[in-house]
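Predicted model only: the values in this text are computed from it and were never measured. Order of listing sets the numbers, starting from 1, for every ligand and every atom in it.
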Amino acid sequence: MSISLESPLSLLSARSEAVVKATAAVVAGHAEQITGRFYPRMFAEYPELLRVFNQGNQATGEQSQALAGAVVAYAVHLIDPDAPSFDHVMKRIAYKHVSLGIRPEQYTIVGHHLLAAVGEVLGDAVTPQVADAWGEVYWLFAAQLIAEEARLYLQAGVDPAHAVRRYRVVRRIEETADVISLVLEPVDGAELPEVRPGQYVSVFVDLPGGDRQPRQYTVSSTAFGTRLQITVRRVRGVNGAPDGRVSTYLHDSIKDGDLLDVSAPAGDFVVDPSEGPLLLASAGAGITTVLPIVEHIARTQPERTVIVAHADRTARDHALRDTVLHVARHIDSFTSYTWYETVDPADQRSRQGLMDLSQIPLPEDVQVFTCGPLPFMRHVRSTLLDKGVPPSHIRYEVFGPDLWAAQVAAG
Ligand SMILES: Cc1cc2nc3c(=O)[nH]c(=O)nc-3n(C[C@H](O)[C@H](O)[C@H](O)COP(=O)(O)OP(=O)(O)OC[C@H]3O[C@@H](n4cnc5c(N)ncnc54)[C@H](O)[C@@H]3O)c2cc1C
Ligand code: HEM
């Protein structure tokens with residue numbers, strides 16, 4: 001059974017609704033200051049949570065922005081009957097939490113520190129009434145997430161206290177100078193979990209020096225049957241920022257036979273078999289979502305039209321390209337377009353520059369799956385909207401905290 005994630009207006013009490021309406025703008029205006037205080041408070045009391053939260057996203061402030069954006073968008077959703085659907089945001093957070101083994105009892109910790117941070121930032125403006133109203137918003141949000149997460153844990157047969165399984169790296173493949181694939185096999189010898197193409201896993205890595213850190217990687221192939229593959233691009237620091245910790249570690253240190261803790265597959269960036277032709281528009285590491293979808297269509301619906309469009313720096317940086325084309329030979333109607341910032345003079349087929357879908361013929365009823373950096377996906381989306389593709393036909397995956405969804409949901 002699937003439950004609707006839509007929250008009827010009546011969820012918020014009439015008294016709190018009036019207070020939230022009166023204070024939403026001031027809370028929204030201070031939201032990042034609030035979440036900026038919240039995390040250090042919480043980590044000071046529960047340092048073990050540093051091993052569950054992505055410290056890269058803490059350093060860049062992206063997780064803080066994502067949390068602030070989500071709470072504000074949720075409050076707007078509660079008080080504005082015309083606010084866009086919140087379903088996608090709720091599902092995205094719940095899947096992310098489940099991949100990290102988040103448990104209901106931890107909501108008390110987060111709630112305590114988040115509401116205390118509201119008090120610290122807004123000071124005397126937080127009367128007992130205001131505190132109660134925002135407490136109610138928090139716990140409504142929490143209750144819906146906890147319910148959805150319970151459903152996802154049950155569906156995946158995962159005990160949240162043991163949310164990861166140990167896998168052995170059975171093969172390391174050098175895809176490009178900056179991209180490797182790791183083929184993983186469960187150490188317990190039991191079956192693979194069900195993986196829907198486009199889903200990701202959280203991989204927990206024990207780093208030199210004792211830190212443990214999770215990162216998400218799309219399951220880039222399940223063609224091996226008893227094994228799953230992830231494909232990792234090395235993240236280099238720019239403008240003085242440090243190199244990515246986990247991707248660098250995986251590139252520099254992981255070898256055949258090593259062990260990794262891996263969550264059950266998560267995420268709703270998945271293809272529906274009943275929908276129409278597909279356009280898969282990717283850039284850079286976003287290609288990892290393309291291969292599993294192409295594999296899946298080749299296996300289960302070879303008559304379904306698939307168009308892939310990929311942008312990269314050069315052909316040499318375009319990972320998994322040959323594998324995608326090889327698998328796609330089993331699809332009746334398959335077209336591939338590529339854009340490179342620098343095109344090799346001998347390459348007559350690729351286009352120069354950034355992806356431009358405006359001239360690409362698209363079938364009626366096309367369903368779009370796009371994955372890549374946010375500016376790239378914004379560009380793809382606006383070009384497609386201009387071409388008349390309805391917004392509901394455009395799905396996207398962000399390789400970091402989703403700073404877009406909450407903005408869209410907040411209207
Ligand atoms: C759903 C999902 C699916 C994903 N799928 C894939 C995939 O298939 N393949 C893939 O390669 N990646 C994927 N990712 C991205 C992946 O999870 C990691 O984010 C990526 O590998 C970088 O992790 P890292 O530890 O190397 O970098 P981090 O150490 O987390 O650093 C990330 C960025 O933050 C910057 N930074 C870190 N610390 C600081 C600081 N103190 N000051 C300033 N800047 C700083 C770094 O320079 C870097 O640019 C996915 C992410 C998500 C959410
Ligand atoms: C109502 C309460 C909560 C809200 C609104 C919330 C919201 C969010 C949001 C918006 C994200 C980013 C999702 C994305 O990747 O796009 C996120 C991620 C995350 N949440 Fe929560 N969360 C809540 C409770 C909790 C609790 C109780 C925990 C447990 C300690 C938790 C731990 C995490 C972790 C570890 C991440 C991943 C962080 C990262 O990758 O940087 N959250 N949450």
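Of the candidates Ala241, Gly198, Gly56, Ser247, Ala241 brings a heavy atom nearest to atom 43 (C) of ligand 1.
The shortest heavy-atom distance from Ile230 to ligand 1 is not under 4.0 Å. The closest approach between any non-hydrogen atom of Gly267 and ligand 1 is not below 4.0 Å.
Distances from atom 7 (C) of ligand 1 to the protein include at least one heavy-atom value under 4.0 Å. Checking atom 32 (C) of ligand 1 against the protein gives no heavy-atom contact under 4.0 Å.
At least one N or O atom of His97, backbone or side chain, sits closer than 3.5 Å to an N or O atom of ligand 2. Between Gln216 and ligand 2, no N or O atom pair is found at a separation short of 3.5 Å. Taking only nitrogen or oxygen atoms, main chain and side chain alike, Gln216 reaches within less than 3.5 Å of ligand 1.
Only the side chain of Val235 comes within contact range of ligand 1, with a heavy atom under 4.0 Å; no backbone atom does.
Looking from atom 21 (O) of ligand 1 to the surrounding protein, the closest heavy atom is Tyr217 OH, 2.7 Å. Nearest protein neighbour of atom 8 (C) of ligand 2, counting heavy atoms only, is Ile93 CG2, 3.6 Å. Ranking the protein heavy atoms by distance from atom 36 (C) of ligand 2 puts Leu100 CD1, 3.8 Å first.
Of all atoms in ligand 2, listed by their number and element, those nearer than 4.0 Å to a heavy atom of Leu67 are 4 (C), 5 (C), 6 (C), 7 (C). Which parts of ligand 2 touch Pro401 is read off a 4.0 Å heavy-atom cut-off, strictly below it: atoms 14 (C), 15 (O), 16 (O).
Proximity of a side-chain donor or acceptor of Tyr200 to a complementary backbone N or O of Thr289 within less than 3.5 Å is not detected.
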